[in-house]
2 protein chains.
Amino acid sequence: MPETTPRNDAAAPTLDEVAAAAGVSRSTASRALNGGLRVSPSAQAAVDEAALRLGYVPNRAARSLVTRRTDSIALIIPEPDERLLSDAFIGGTLRGVGDALARTDLQLVLLLSRKNETADRIARYLRGGHVDGAVITSHHEGDELERVVAASSIPAVFVGRPFDAPRELIYTDVDNVAGARLAVEHLVARGRTRIAHIAGPQDMTAGVDRVKGWRDALSDHGLPADALVHAQFTTASGETAAAELLAAHPDVDGIFAASDTIAVGALRALAAAGRSVPGDVAIVGYDDLDAAQASTPPLTTLHNPVVELAATAVEQLLRLIDSEPGDERVTSIVFPPRLVVRGTT
Amino acid sequence: MPETTPRNDAAAPTLDEVAAAAGVSRSTASRALNGGLRVSPSAQAAVDEAALRLGYVPNRAARSLVTRRTDSIALIIPEPDERLLSDAFIGGTLRGVGDALARTDLQLVLLLSRKNETADRIARYLRGGHVDGAVITSHHEGDELERVVAASSIPAVFVGRPFDAPRELIYTDVDNVAGARLAVEHLVARGRTRIAHIAGPQDMTAGVDRVKGWRDALSDHGLPADALVHAQFTTASGETAAAELLAAHPDVDGIFAASDTIAVGALRALAAAGRSVPGDVAIVGYDDLDAAQASTPPLTTLHNPVVELAATAVEQLLRLIDSEPGDERVTSIVFPPRLVVRGTT
DNA sequence: CTGTTAGCGCTTTCAC
DNA sequence: GTGAAAGCGCTAACAG
């Protein structure tokens with residue numbers, strides 16, 4: 001391979017060139033390349049051969065211009081979220097999206113929304129018709145994403161239930177209320193009676209729902225639901241909150257943490273306070289991402305099926321995109337919770 | 001706000017409509033919208049006003065068709081990588097890319113390459129001219145990404161030094177050899193003389209370089225470099241490898257792990273073996289992502305500036321995109337290592 | 001089954 | 001400084 005030979009494939013071949021090489025018209029070539037409806041076998045073969053030989057790749061912009069389809073979907077991620085940086089949440093989401101997109105030839109456009117211009121830029125982008133649909137993940141109450149998405153009239157699916165669903169927004173989620181109940185039930189079954197909760201951010205439905213489940217289950221058992229502190233979904237925040245909790249409620253013998261990262265922080269606070277786990281205090285976390293297994297001791301936790309959540313969201317979005325408005329096939333999907341028992345309870 | 005009023009902004013306004021509303025020709029409108037060169041102040045104002053009022057958003061496909069620019073870049077992530085799922089690596093990368101892209105109005109297209117069709121699909125996409133450039137992250141020796149990228153003649157920057165850089169591929173990286181040396185020096189300074197290494201995957205330059213740094217530093221001190229085991233960048237794998245290490249070299253008093261996730265696994269193996277940390281065995285990890293702080297005890301580690309690495313890669317890419325071939329301003333950038341001392345050494 | 005004919009929305013010479 | 005005209009590469013009627 002001569003090092004200095006100039007590339008002769010500089011310009012990408014156009015459909016015209018493929019058609020010429022195949023000895024057919026451009027339209028026939030186009031048909032052949034797009035499913036081959038109403039194309040003679042010979043023409044089809046000629047076009048296929050020419051396209052392959054020339055290394056033809058259709059120009060997406062040109063196609064998009066006429067089809068009014070972009071063959072791409074957006075994944076919207078509000079960047080300020082701590083989780084983006086701190087846990088494996090985003091990795092799982094990408095994997096799910098990737099899985100679901102694998103069979104299609106759709107492209108994934110990432111919209112990292114910065115704190116300031118969040119809604120505005122996203123709105124412009126969505127209204128600009130640059131994507132055929134959008135999946136929105138880890139959205140917060142104040143971020144206007146729900147409003148923007150609803151107003152854009154673009155097909156969209158949320159990962160995680162939106163705060164208010166004014167016009168039947170579609171979403172995928174895990175049943176966080178039921179999950180939290182499971183956590184508490186588990187602690188109760190282990191004889192715990194003074195069960196606290198370190199809640200996550202209350203501007204996300206996951207945070208709110210987990211509080212509710214905790215409260216409900218406690219109420220069912222006639223146990224007090226007053227030991228409640230708040231934290232972000234990070235280890236550092238969890239540690240602080242747990243210390244605060246121990247100070248205010250020294251008699252706590254069980255903790256349900258709204259995330260594994262928080263639980264890991266609690267583990268450290270407990271160690272610092274000289275309390276044994278699960279001897280003095282039993283802990284249950286939430287998420288079952290890497291942190292749960294990596295912690296010492298490994299965390300009992302509720303599985304958060306992030307990969308499936310994302311994959312299902314994309315599947316629903318795809319369905320939504322080529323469905324008539326009002327089609328009742330496309331619905332929100334809520335996964336049941338699943339408790340994973342390890343060493344902390 | 002009437003709930004049932006039909007949207008009248010259904011179709012996105014075109015440049016023609018903006019021009020008409022502003023009372024100028026389409027070309028003048030176009031000029032005004034694109035920097036306003038050779039446009040009278042009055043015309044400029046009229047166009048600006050009309051665009052704003054109509055909520056005009058240029059059609060990217062149409063523009064791209066004529067400018068031969070897509071105004072988007074690709075982020076290529078080989079999916080099989082365990083890290084994608086297990087640690088905060090990808091989150092940091094996205095954040096860096098997002099930061100660098102924030103000022104531009106470039107779009108980010110994500111290319112998750114699946115194990116099988118990796119090279120092929122990416123190659124087609126790159127050659128199709130769908131993006132103006134690409135950033136490639138966490139690539140492995142066998143994945144052909146380097147070849148494909150080089151062959152595509154598209155501007156590209158690697159995050160992490162490529163395996164062989166046949167035609168001066170541009171990359172950003174941290175000096176992993178120097179980092180590993182620092183780790184060993186730190187252990188030596190603490191009086192350790194039997195220093196092992198749990199290596200990462202050897203099909204990534206980071207893995208190879210860290211082994212080299214470890215070996216070099218040991219050699220400098222006249223210490224043996226025979227206690228070497230291999231692992232993936234995961235906690236589970238790290239635990240297994242560490243157990244293996246302890247069995248083969250019971251006299252080890254210091255461990256340099258190729259990642260924090262591995263180090264956390266080692267911590268568990270050590271605990272299982274009844275060895276105290278850092279009393280019996282001191283440990284140094286690598287990455288300084290969330291795992292390092294969350295572990296018990298917190299890990300002494302080498303900071304891996306993933307956010308900066310990604311941001312710098314994008315900046316170099318942008319520079320590369322609008323530079324003449326052969327421009328010597330655009331170079332690879334290697335960050336110096338930084339040791340972060342915590343509780344394990 | 002095939003080719004001809006129109007554009008999709010935009011930027012860009014090129015005269016004026 | 002401005003508008004007319006051409007055309008980017010492709011698909012989609014529409015006749016044949």
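Side-chain atoms are counted along with the backbone in the values below, which use heavy atoms only and exclude waters and symmetry mates. Every chain is numbered from 1, with letters handed out A, B, ... down the list of sequences.
Listed by first then second residue, pairs satisfying salt bridge (charged side-chain N to carboxylate O under 4.0 Å, His left out) with a partner in residues 19-40 of chain A read A:D16-A:R26, not counting sequence neighbours.
Between the side chains of B:S25 and B:T28, a donor-acceptor pair is found at a separation under 3.5 Å.
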**Request:** Using a 4.0 Å cut-off on protein heavy atoms (strictly under), produce a 5'-to-3' string for nucleotides 10-16 of chain C with B for base contact, S for backbone-only sugar-phosphate contact, and - for none.
**Result:** BBB----

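Scored by the salt bridge (Lys or Arg N to Asp or Glu O under 4.0 Å) test, A:R124 finds no partners at all (sequence neighbours excluded). Under the side-chain hydrogen bond (donor to acceptor under 3.5 Å, both in side chains) criterion, B:D105 pairs with no residue at all, not counting sequence neighbours. For A:E141, the side-chain hydrogen bond (donor to acceptor under 3.5 Å, both in side chains) test picks out no residue, with sequence neighbours left out. Taking the side-chain hydrogen bond (donor to acceptor under 3.5 Å, both in side chains) definition, one finds that B:R69 meets it with nothing, sequence neighbours left out. Applying the side-chain hydrogen bond (donor to acceptor under 3.5 Å, both in side chains) test to B:T70 and every residue at least two apart in sequence or in another chain returns B:S72, B:D132. Remark: B:L309 pairs with B:V159, B:T172, B:N304, B:P305, B:F335 by the side-chain contact (heavy atoms from CB on, under 4.5 Å) rule, at least two apart or across chains.
A donor-acceptor contact shorter than 3.5 Å links the side chain of A:T205 to the backbone of A:R161.
Across residues 43-53 of chain A, A:A43 each have a non-hydrogen atom less than 4.0 Å from an atom of DNA chain C (numbered order).
Residues B:I122 and B:E144 form no side-chain contact, since every pair of their non-hydrogen atoms from C-beta on lies 4.5 Å or further apart.
For the helix from C:dC1-D:dG16 to C:dC16-D:dG1, the rotation axes defined at the first and last 5 base pairs enclose an angle of 30°, given to the nearest 10°.
Contacts between chain B and DNA chain D, taken as any atom within less than 4.0 angstrom of a protein heavy atom, begin and end at D:dG1 to D:dG9.
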Acceptor/donor pairs from residues 43-52 of chain B side chains to any protein atom, 3.5 angstrom cut, sequence neighbours excluded:
| residue | atom | partner | partner atom | Å |
| --- | --- | --- | --- | --- |
| B:Q44 | NE2 | B:A32 | O | 3.2 |
| B:Q44 | NE2 | B:D48 | OD1 | 3.1 |
| B:Q44 | NE2 | B:D48 | OD2 | 3.3 |
| B:E49 | OE2 | B:R53 | NE | 2.8 |

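What you find for B:Y56 and B:P13 is that their closest heavy atoms are CD1-O, 3.3 Å.
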